[in-house]
Amino acid sequence: MYTEKVMDHFLNPRNMGEIQDADAVGEVGNAKCGDIMKMYLKIDNNVITDIKFKTFGCASAIATSSIATEMIKGKSIDEALQLTNKAVVEALDGLPAHKIHCSVLAEQAVKAAIADYYRKQGIDPEPIVGKLTEADHH
Amino acid sequence: MYTEKVMDHFLNPRNMGEIQDADAVGEVGNAKCGDIMKMYLKIDNNVITDIKFKTFGCASAIATSSIATEMIKGKSIDEALQLTNKAVVEALDGLPAHKIHCSVLAEQAVKAAIADYYRKQGIDPEPIVGKLTEADHH
Amino acid sequence: MKRFIYADNAATTKLSDTVLESMMPYLKEEFGNPSSLYELGSRAKTAIERSREQVADALGALPREIYFTSGGSESDNWAIFGAANAMRQKGKTHIISTKIEHHAVLHALEALEKQGFEVTYLDVPGDGIVRTEDFERAITDKTGFATIMYANNEIGTIQPIPEIGKICRDRGIIFHTDAVQAVGNLHINVKEQNIDLLSLSAHKFHGPKGVGALYIRSGVRIPNYIYGGAQERGRRAGTENTAGIVGLGTAITEAVASIDKKAEYLTKLRDYIIGGVLKNIQRSRLNGHPVKRLPGNINFSFEGIEGESLLLLLDQKGICASSGSACTSGSLDPSHVLLSIGLPHEIAHGSLRLTLGEDNTFEDADYILSVLPPIVQRLRDMSPLWEKIKNEN
Amino acid sequence: MKRFIYADNAATTKLSDTVLESMMPYLKEEFGNPSSLYELGSRAKTAIERSREQVADALGALPREIYFTSGGSESDNWAIFGAANAMRQKGKTHIISTKIEHHAVLHALEALEKQGFEVTYLDVPGDGIVRTEDFERAITDKTGFATIMYANNEIGTIQPIPEIGKICRDRGIIFHTDAVQAVGNLHINVKEQNIDLLSLSAHKFHGPKGVGALYIRSGVRIPNYIYGGAQERGRRAGTENTAGIVGLGTAITEAVASIDKKAEYLTKLRDYIIGGVLKNIQRSRLNGHPVKRLPGNINFSFEGIEGESLLLLLDQKGICASSGSACTSGSLDPSHVLLSIGLPHEIAHGSLRLTLGEDNTFEDADYILSVLPPIVQRLRDMSPLWEKIKNEN
Ligand SMILES: Cc1ncc(COP(=O)(O)O)c(C=O)c1O
Ligand SMILES: Cc1ncc(COP(=O)(O)O)c(C=O)c1O
């Protein structure tokens with residue numbers, strides 16, 4: 001069902017954990033639907049210097065979280081905002097059709113964390129990050 | 001599907017053939033329904049001294065004809081009239097449900113031949129042989 | 001030693017060794033439920049998807065247009081009840097079929113008639129082939145569905161499927177073909193031949209019994225027939241018969257690869273037997289079309305005798321064959337197919353079907369030709385009907 | 001060497017060696033069509049009738065009340081659509097079932113609702129067992145049919161079938177039970193238990209996939225579901241899957257012979273694992289009834305984690321198990337059964353079903369008990385939900 005890449009990121013998740021003194025935290029999804037992703041960022045000079053995640057969800061939820069953190073670690077916020085769910089899927093060599101929503105969730109989690117970063121600085125994140133819609137997965 | 005007895009009478013039919021100078025001939029069934037039985041009798045002093053049959057039909061039609069001839073050969077006409085389809089079925093150790101009509105046909109063929117015998121002597125066979133109804137096999 | 005000649009390949013076929021070999025792992029250690037997440041399950045799933053590709057390739061279809069079923073009858077029922085349901089949504093109530101369909105089609109259509117559908121059963125002329133003109137004439141503005149078999153199971157006649165497919169596509173009629181006898185014997189391409197729904201059954205081409213498939217052209221929407229789990233992308237419920245499905249895939253690939261070679265050989269063998277019978281048995285009649293018939297199909301009527309007796313005597317000689325009559329089914333009616341092509345009842349009763357396979361040899365043919373005439377003679381000698389026929393001439 | 005522990009016997013089971021052995025002749029030389037007249041055909045027919053007797057014996061039924069099908073889903077669909085049809089003739093339009101039926105039952109009932117039938121889906125209390133009082137209360141003068149599963153496939157709870165059977169018989173309600181999970185595990189007697197229709201599937205008790213049966217009590221009249229040839233005494237068309245049917249007969253005989261021995265052993269093994277898990281994993285919950293459950297069925301929920309991840313990690317350790325969630329089916333909804341017994345969504349997502357078989361050992365149990373807690377811990381460590389749960393207390 002899953003590609004080797006997905007299994008690798010599921011079995012050996014990168015950047016799993018928390019950052020106690022994170023500069024920003026974003027959480028998306030809900031338990032009722034079966035997946036929650038939480039991302040912690042350290043941001044220095046507009047660059048994401050550290051990132052960690054915690055995920056409640058299926059293997060692809062964990063794998064998409066993991067690879068998303070890898071894809072934006074060390075990147076600038078602007079670059080991180082370019083991350084699309086499509087890029088996540090491609091980086092994992094594909095996801096089953098009914099798991100695509102996990103990649104959407106990963107993209108949203110990154111955006112939610114960045115939004116939190118702006119909000120903490122008193123900046124309205126919406127013009128920058130866009131409206132964060134709950135990932136549609138029903 | 002068939003008992004050994006049926007197969008034996010089908011493969012080695014007894015009394016198969018014609019009697020050229022028969023005292024009586026009876027034929028029942030019709031080609032449309034897939035079976036015709038014809039019986040030839042030699043009758044001497046109310047005793048069936050010889051009997052032959054010809055049958056167009058399935059294995060059980062042939063087997064019932066064969067065993068019926070065996071069962072009444074050497075018997076008096078009265079005894080022959082006692083032959084029931086049930087007795088024929090039993091003598092063959094049974095017939096499949098949808099082949100029971102063959103045994104009815106065999107009983108009728110015997111009766112038709114005996115009726116012919118009476119008719120040839122100017123005697124109305126009906127009070128003796130009963131009404132010959134076409135065996136019901138549709 | 002008693003000879004054994006299996007000449008009833010239209011009834012069923014022997015599993016090929018390679019087919020059985022491909023199935024064995026799934027009857028042993030690879031027993032996982034294809035819906036299960038773990039490796040054991042996903043290996044079974046992979047095997048099923050490989051088979052789906054094989055079936056799709058054999059028909060010129062896409063894998064996602066193939067749905068596995070429990071055989072030809074289920075596929076026919078699904079297609080027919082499903083299409084009827086779909087057409088009713090569009091206000092259509094008229095169905096076109098033929099008088100010579102398999103009972104899996106006819107009895108399903110009869111059930112639909114009880115539900116208020118109107119069905120035209122096309123007549124076929126003496127050669128057993130439906131005329132496209134008749135088909136076109138039968139179409140009304142209520143016609144929403146047609147089901148015409150690809151090749152007949154009794155007399156082997158091949159129907160003008162691509163032509164009818166074209167007419168149906170042009171007229172917006174959903175078109176199903178029961179190709180149970182055709183798959184593995186004839187070249188089928190569902191796209192080129194404009195087929196919307198096609199039924200097949202593995203055991204007719206050296207695959208296992210109890211597994212088949214329905215091709216549903218993508219875009220044609222029919223409701224499910226067996227509801228339940230999400231197997232077959234939610235279209236046909238039930239834990240998959242993995243071994244059977246794998247066997248189907250192997251069998252169809254093998255069968256389709258050898259169609260031409262097989263057809264050439266079987267046609268020769270068939271015509272050799274047909275010629276021999278016509279020459280050696282008087283008042284014998286070849287049923288169906290002399291050329292437009294399945295390569296391995298032979299169907300004869302012999303006047304004055306009855307089919308079941310003939311078959312049992314052939315069995316005594318080690319020859320497995322079948323009759324046009326549905327004797328074994330508990331019905332005493334002669335074949336509806338033989339009646340449809342104009343045979344009188346009494347002649348329809350006396351028919352013999354030999355359906356050849358690759359394993360049959362010319363030696364087998366000679367044996368059949370040596371054994372059959374005396375058996376027919378023996379039954380005619382016993383037959384009061386033959387007596388009359390003889391005397392008539 | 002990687003360990004391999006198969007603990008998903010409710011999903012499917014491995015063919016037993018003796019079952020496979022009994023099937024082999026029918027996959028090889030005994031390939032005749034059971035409807036064929038010749039010896040090769042009648043030997044296959046005889047084998048099928050022997051299997052029919054075996055199935056009948058196992059259920060306390062008569063052979064002529066047993067009809068072979070392609071599996072549990074087909075049997076369920078036939079029973080449900082058939083009974084609905086039969087009751088409609090009598091002016092009845094109301095059906096009683098439960099919320100915890102298998103999808104083969106639920107989706108068929110939903111299709112009937114679209115046709116205008118009214119269906120009451122009984123609630124079950126937290127223990128997962130239907131109350132007969134609730135059943136009786138649901139009966140109206142329109143009720144013509146009830147379908148209640150014998151044992152649940154997820155949480156293994158055993159329903160009060162004899163009691164419900166009695167009520168139905170007294171009230172003239174046709175009663176079907178989906179016994180797919182029960183056959184071979186529980187003692188069933190259709191006569192004593194007043195069952196009118198019963199579905200079973202061979203692959204759940206070490207028989208082959210793709211074959212099952214429907215018991216139809218003599219006197220209960222339901223229409224056919226798959227129309228066509230005269231197989232199964234004209235009630236279920238399609239060339240018989242001889243090998244599968246023979247396998248079913250062997251498997252049911254074996255399974256029923258060992259019910260008591262198996263139940264005793266599996267109950268011990270089950271309760272050993274249940275005890276170990278409850279002791280070693282905090283915030284774990286046993287779903288279903290502690291005692292009135294299938295001997296081999298274990299169903300846990302672990303707060304804060306999700307089922308699929310758990311299964312894949314268990315698979316990495318060589319353990320085949322299943323989740324209550326229907327993830328693989330493409331749906332993201334958690335199990336309707338777990339929701340029915342009152343679990344909140346987020347807990348229903350984190351469930352694990354282990355279904356044990358005779359092959360499982362106490363060593364396997366110890367291995368599972370050693371491997372499972374760290375895996376649960378690992379996922380909880382990853383879970384933002386667990387973080388909250390922990391902090392709440
Ligand atoms: C309770 C129950 N009913 C019906 C079925 C369907 O059986 P099958 O998959 O053999 O069609 C299953 C198993 O999948 C089941 O567990
Ligand atoms: C033309 C045709 N259609 C349908 C069927 C039914 O197939 P099955 O018996 O595999 O269900 C058969 C064979 O029996 C057939 O020859």
Side-chain angles (χ1 to χ4, degrees), chain C residues 6 8 11-15 20 23 27-28 31-33 35-41 70-74 76-77 102-104 107-108 110-111 201 203 208-211 226-230 234 237-244 308 311-312 314-315 320-323 326-331, chain D residues 6 8 11-15 20 23 27-28 31-33 35-41 70-74 76-77 102-104 107-108 110-111 201 203 208-211 226-230 234 237-244 308 311-312 314-315 320-323 326-331:
Chain C
Y6 187 74
D8 201 13
T12 195
T13 57
K14 190 169 193 290
L15 261 192
L20 179 55
M23 293 168 66
L27 293 170
K28 292 184 166 169
F31 66 90
N33 187 318
S35 297
S36 295
L37 266 182
Y38 39 79
E39 278 290 320
L40 184 70
S70 67
S73 300
E74 185 192 327
D76 283 343
N77 277 254
H102 189 268
H103 283 128
H107 291 333
E110 283 160 21
S201 190
H203 73 98
K209 294 175 179 56
V211 59
I226 295 185
Y227 293 87
T239 303
E240 299 90 336
N241 175 357
T242 315
E308 193 211 76
L311 295 189
L312 288 174
L314 286 169
D315 190 25
C320 297
S322 130
S323 161
C327 241
T328 49
S329 70
S331 144
Chain D
Y6 187 73
D8 201 12
T12 195
T13 57
K14 188 169 194 290
L15 260 192
L20 180 55
M23 294 168 65
L27 292 170
K28 291 183 166 171
F31 67 90
N33 188 317
S35 298
S36 294
L37 267 182
Y38 39 79
E39 279 290 320
L40 183 72
S70 66
S73 300
E74 185 193 326
D76 283 343
N77 277 254
H102 189 268
H103 283 128
H107 290 333
E110 283 160 20
S201 190
H203 72 99
K209 294 176 179 58
V211 60
I226 295 185
Y227 293 87
T239 302
E240 298 90 335
N241 174 357
T242 314
E308 193 210 77
L311 295 188
L312 288 174
L314 285 170
D315 190 24
C320 297
S322 130
S323 161
C327 241
T328 49
S329 69
S331 143

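No experiment lies behind these values; they were computed from the predicted model shown. Every chain is numbered from 1, with letters handed out A, B, ... down the list of sequences.
- For a residue to count as touching a neighbouring chain, one of its non-hydrogen atoms must lie under 4.5 Å from one of that chain's; by this rule C:Leu27 touches chain D with backbone and side chain alike.
- Taking chain C as the reference chain and counting heavy-atom pairs below 4.5 Å, the highest number among D:Leu311, D:Leu40, D:Thr239, D:Leu20 is found for D:Thr239.
- Both the backbone and the side chain of C:Ile226 come within less than 4.5 Å of a heavy atom of chain D.
- Considering only heavy-atom pairs separated by less than 4.5 Å from chain D, the leading option among C:Ala11, C:Ala108, C:Cys320 is C:Cys320.
- Counting only heavy atoms from C-beta outward, the side chains of D:Ser36 and C:Asp8 approach each other to under 4.5 Å.
- If you measure heavy-atom distances from D:Ser201 to chain C, you find no contacts under 4.5 Å at all.
- Atom OG of D:Ser322 is separated from atom OH of C:Tyr38 by 7.0 Å, given to the nearest 0.5 angstrom.
- The candidate from C:Leu314, C:Val211, C:Thr242, C:Leu15 with the greatest count of non-hydrogen atom pairs under 4.5 Å with chain D is C:Leu15.
- Scanning for ring pair (Phe, Tyr, Trp, His ring centres under 6.0 Å) contacts around C:Phe31 gives D:Tyr6, with sequence neighbours left out.
- Atoms NZ and CG, from C:Lys209 and D:Asn33 in turn, are 7.0 Å apart once rounded to the nearest 0.5 Å.
- Taking C:Met23, C:Glu110, C:Glu240 one by one and counting their heavy-atom pairs under 4.5 Å with chain D, the maximum is reached by C:Glu240.
- For a residue to count as touching a neighbouring chain, one of its non-hydrogen atoms must lie under 4.5 Å from one of that chain's; by this rule D:Leu312 touches chain C with the side chain only.
- When heavy atoms are compared at a cutoff of 4.5 Å, D:Asn77 approaches chain C solely by way of its side chain, counted from C-beta outward.
- Residue with the most contacts toward chain D among C:Gly72, C:Gly210, C:Pro208: C:Gly210 (heavy-atom pairs, distance under 4.5 Å).
- With sequence neighbours excluded, the residues forming a ring pair (Phe, Tyr, Trp, His ring centres under 6.0 Å) with C:His107 are C:His103, listed by chain and number.
- Ranked by heavy-atom pairs shorter than 4.5 Å toward chain D, the options C:Ala237, C:Gly41, C:Gly71, C:Gly229 are led by C:Ala237.
- At a 4.5 Å heavy-atom cutoff, C:Ala243 makes no contact with chain D through either its backbone or its side chain.
- Side-chain atoms of D:Asp315 do not come within 3.5 Å of backbone N or O of C:Leu37 as any donor-acceptor pair.
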